[in-house]
2 protein chains.
Amino acid sequence: MSLDPAIAARLKRTGDGLVPAIVQQYDTGEVLMLAWMDDEALHRTLTTGRATYWSRSRGSYWVKGDTSGHVQHVRSAALDCDGDTILLKVDQVGAACHTGDRTCFDADELAVNPK
Amino acid sequence: MSLDPAIAARLKRTGDGLVPAIVQQYDTGEVLMLAWMDDEALHRTLTTGRATYWSRSRGSYWVKGDTSGHVQHVRSAALDCDGDTILLKVDQVGAACHTGDRTCFDADELAVNPK
């Protein structure tokens, strides 16, 4: 089985065949991280309920939490208006970031001036 | 003036010289949209407080709301742990999506099974 053709037809992929996925904690609204999916990663995510990505650096599928235990249980998924971005709402076990931070955006705030 | 070299040195760009920016409503936590920035768009965003993107389809800078009135006032900005994604927290005036929806993720929910 592969990704539902009705979904695949709506996806707009980068030149590498990937779509960015924004990952958000379903109840607090925290944006946890951004990762990348190809059709197969999206198919696995939707059918298993476990967030599964394509690792651009390792060139392989990656079930979030398989090595760290920091699993993402998927509560909902949506495509954006252009079909070029996925929003996953998940229940994150432990830290989302490999640094141990809760989110990947906790450590490097940029100054905005003027606000 | 261009982007602070200390920030530019931390950015990891796609082959096109771009970085994805996740845009979130600062108080409700809604994920509004995803857009793309090059160094100049990020510089303008941080120095003017108005969210400014690079439009891949039009090949030009785009100050969100200049034509629609649906301005994004930037409250904070952060880089992720890898320097390859930006998180903007904004105060969105009106609809974020060009379709008139509040967010770009309101219209196309994907079934997750099992949850």
Side-chain angles (χ1 to χ4, degrees), chain A residues 3-4 6-7 10 14-16 20-25 27-36 42 45-50 56-57 73-89 91 96-101 103-115, chain B residues 3-4 6-7 10 14-16 20-25 27-36 42 45-50 56-57 73-89 91 96-101 103-115:
Chain A
L3 183 63
D4 179 345
I7 298 173
R10 298 204 295 284
T14 63
D16 298 330
I22 301 167
V23 189
Q24 183 179 34
Q25 174 66 28
D27 50 359
T28 64
E30 293 162 290
V31 174
L32 299 171
M33 54 184 275
L34 183 131
W36 295 85
L42 179 55
T45 297
L46 296 177
T47 53
T48 66
R50 286 280 304 278
R56 295 180 300 171
S57 56
H73 298 287
V74 181
R75 295 301 190 98
S76 66
L79 268 184
D80 79 346
C81 54
D82 295 322
D84 63 10
T85 305
I86 295 161
L87 177 62
L88 280 192
K89 295 189 183 181
D91 194 5
C97 190
H98 72 284
T99 64
D101 284 340
T103 93
C104 291
F105 299 96
D106 289 352
D108 195 356
E109 184 134 352
L110 304 176
V112 181
N113 190 3
K115 295 224 184 203
Chain B
L3 182 63
D4 179 343
I7 298 173
R10 297 205 295 282
T14 64
D16 298 331
I22 301 168
V23 190
Q24 183 179 33
Q25 173 67 28
D27 51 359
T28 65
E30 293 162 290
V31 173
L32 299 170
M33 55 185 276
L34 184 132
W36 294 84
L42 179 56
T45 296
L46 296 178
T47 53
T48 66
R50 285 278 304 277
R56 296 180 301 171
S57 55
H73 299 288
V74 180
R75 296 301 190 98
S76 66
L79 268 184
D80 79 345
C81 54
D82 295 323
D84 63 9
T85 306
I86 295 160
L87 177 63
L88 280 191
K89 295 188 182 181
D91 194 7
C97 191
H98 72 284
T99 62
D101 284 339
T103 93
C104 291
F105 299 97
D106 290 353
D108 195 356
E109 182 134 354
L110 304 176
V112 180
N113 190 2
K115 294 222 187 209

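Every chain is numbered from 1, with letters handed out A, B, ... down the list of sequences.
B/Asp84 touches chain A through its side chain: at least one heavy atom from C-beta onward sits under 4.5 Å away, while N, CA, C and O do not. In this structure, chain A has a heavy atom under 4.5 Å from the side chain of B/Thr99, while its backbone stays farther away. For A/Ile7, the part lying near chain B is the side chain, with the backbone staying farther off; criterion is any non-hydrogen pair under 4.5 Å. Heavy atoms of B/Ala107 lying under 4.5 Å from chain A are absent altogether.
Under the 4.0 Å criterion applied to side-chain N and carboxylate O atoms, A/Arg56 and B/Asp82 are not assigned as salt-bridge partners.
Between A/Cys81 and B/His98, the shortest heavy-atom contact is SG-CE1, 3.6 Å. In terms of heavy-atom proximity, A/Gln24 sits nearest to B/Gly29 at NE2-O, 2.8 Å. Nearest heavy atoms, A/Leu87 versus B/Phe105: CB-CD2, 3.5 Å.
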Candidate pair A/Leu110 and B/Leu46, rule side-chain contact (heavy atoms from CB on, under 4.5 Å), full reasoning: CA-CA 8 Å; A/Leu110 304 176; B/Leu46 296 178; 4.2 Å; yes
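Looking only at side-chain heavy atoms (C-beta outward), A/Lys89 and B/Val112 stay at 4.5 Å or farther from each other. Looking at heavy atoms from C-beta onward, A/Leu34 lies in side-chain contact with B/Ile22 at the 4.5 angstrom threshold.
The CG atom of B/Asp80 sits 12.0 Å away from the CG atom of A/Leu32 when rounded to the nearest 0.5 Å.
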